[in-house]
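Throughout, a chain's letter reflects where its sequence line sits, starting with A, and its residues are numbered from 1.
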Amino acid sequence: MPRRKRRYWLMKSEPEVYSIEDLERDGQEPWDGVRNYQARNSMRDEMAVGDLVLFYHSNAKPPGVAGVARVCTAAYPDPTAFDPGSDYYDPKSDPEAPRWWMVDVEFVERFDALVSLDALKAEGDGADAPLAGMLVIRRGQRLSVQAVEAAHFAHVLKIARARTRVRVR
DNA sequence: GCCAACGTTGGC
DNA sequence: GCCAACGTTGGC
């Protein structure tokens with residue numbers, strides 16, 4: 001059986017809650033608390049170990065991609081849904097038929113400079129732009145776990161690398 | 001702090 | 001099954 005092609009993702013986190021620096025420190029983190037069905041479906045049905053993730057800082061000044069993570073577990077039921085003491089408790093999620101699923105992600109890299117939403121938008125403006133059609137730059141896009149095209153993922157890395165080179169020289 | 005976008009809920 | 005009301009996200 002041919003190996004499944006690696007997929008690419010963008011996952012949002014408010015840095016005040018959990019940042020790329022936190023992930024760098026911790027090494028690995030359970031991505032619990034997602035309570036949106038589309039995001040749940042992505043994690044439960046489409047993610048696989050080894051997939052790469054753009055780690056996006058939302059509700060930040062400025063917002064943008066702060067680094068890269070990697071999916072490091074298969075999907076499993078989100079235990080916070082069963083915990084009455086958790087902010088993410090969902091009394092309608094039954095351990096026998098879990099409603100909410102999650103994966104763990106591990107640290108890969110922290111960009112030297114944030115690739116800001118403005119920078120993404122600047123490269124996504126126009127039909128032939130490198131990031132044209134990227135979901136995160138669309139106005140009103142709230143989905144916290146988004147699929148990213150391989151070419152878009154590569155281009156975001158290219159932006160980050162270009163900045164590093166300038167900074168380091 | 002405002003508010004556009006949009007997902008969810010619940011009445012019917 | 002429609003849709004108005006409501007709640008949340010998240011940029012600005």
Side-chain angles (χ1 to χ4, degrees), chain A residues 7-24 26 29-47 51-69 71 75-105 107-127 129-149 152-153 155-160 163:
Chain A
R7 293 193 177 118
Y8 299 90
W9 306 94
L10 178 146
M11 293 166 90
K12 297 180 183 175
S13 182
E14 303 190 17
E16 300 256 311
V17 177
Y18 198 81
S19 68
I20 191 73
E21 288 81 9
D22 294 327
L23 185 61
E24 183 171 27
D26 298 339
E29 177 70 6
W31 207 263
D32 57 23
V34 171
R35 296 294 179 267
N36 170 281
Y37 288 105
Q38 206 179 334
R40 187 272 320 260
N41 292 347
S42 291
M43 291 198 290
R44 187 189 60 185
D45 306 334
E46 294 177 41
M47 278 188 184
D51 283 0
L52 291 176
V53 178
L54 297 175
F55 194 111
Y56 182 86
H57 282 175
S58 63
N59 257 324
K61 291 176 192 171
V65 179
V68 177
V71 176
Y76 59 98
D78 182 342
T80 63
F82 312 128
D83 175 6
S86 168
D87 287 346
Y88 305 125
Y89 178 56
D90 178 1
K92 286 182 269 188
S93 185
D94 174 7
E96 297 303 309
R99 174 179 296 198
W100 302 114
W101 294 68
M102 55 183 279
V103 299
D104 287 10
V105 301
F107 178 78
V108 174
E109 73 169 289
R110 177 169 55 83
F111 294 159
D112 283 327
L114 187 85
V115 178
S116 70
L117 179 58
D118 279 348
L120 298 175
K121 282 179 172 168
E123 306 264 344
D125 192 23
L131 298 182
M134 194 177 181
L135 222 51
V136 73
I137 61 183
R138 226 159 66 185
R139 170 185 166 79
Q141 179 53 61
R142 304 185 303 167
L143 192 59
S144 68
V145 177
Q146 308 177 355
V148 171
E149 292 173 24
H152 289 169
F153 185 92
H155 192 74
V156 172
L157 282 194
K158 190 174 161 191
I159 297 171
R163 293 190 177 177

Would you say the side-chain atoms of Asp78(A) pair up with the backbone N or O of Trp100(A), donor to acceptor, closer than 3.5 Å? no
Provide, to the nearest angstrom, the distance between the CG atom belonging to Leu135(A) and the C1' atom belonging to dC6(B). 13 Å
Whole-Å distance between dT9(B) C1' and Asp90(A) CG? 13 Å
Taking 4.0 Å as the cut-off, does a side-chain nitrogen or oxygen of Lys12(A) come that near to OP1 or OP2 on dT9(C)? no
So which nucleotide from dG11(C), dG10(C), dA4(B) ends up closest to the side chain of Arg139(A)? dA4(B)
Rounding to an integer number of Å, can you tell me how far Trp100(A) CH2 sits from dG7(B) P? 13 Å
Can you check the Gln146(A) CD to dG10(C) C1' distance for me, whole Å? 12 Å
Quick one: sort the Phe153(A) and Tyr8(A) rings into parallel, tilted or perpendicular, breaks at 30° and 60°. tilted
Protein-nucleotide distance (Leu143(A), atom CG; dT8(B), atom C1'), rounded to Å: 15 Å
Start with the C-alpha gap between Asp90(A) and Arg35(A), add the side-chain angles, then the distance that decides, and say whether salt bridge (charged side-chain N to carboxylate O under 4.0 Å, His left out) holds. CA-CA 9 Å; Asp90(A) 178 1; Arg35(A) 296 294 179 267; 5.3 Å; no
Interatomic distance, Arg99(A) CZ vs dT8(B) P [rounded to whole Å]: 10 Å
Measuring centre to centre across the rings, with the benzene-like ring taken for any Trp, is Tyr88(A) within less than 6.0 Å of Trp31(A)? no
Can you see if the side chain of Tyr37(A) gets near the phosphate of dC6(B) - specifically, an N or O under 4.0 Å from OP1 or OP2? no
Can you measure Asp87(A) atom CG to dT9(C) atom P for me and round it to whole angstrom units? 11 Å
Could you work out which one of dC12(C), dT9(B), dC6(B) sits closest to the side chain of Arg142(A)? dC6(B)
Tell me: CD of Gln141(A) to P of dG10(C), nearest whole Å? 9 Å
Inspect the surroundings of CG in Asp125(A) and state if more than 12 heavy atoms from other residues, nucleotides or ligands are less than 6.0 Å away. no
Closest to the side chain of Asn36(A), out of dT9(B), dG10(C), dG7(B), is dG7(B)
At 4.0 Å (heavy atoms only), tell me whether Lys121(A) reaches a base, stays on the sugar-phosphate, or touches nothing. sugar-phosphate
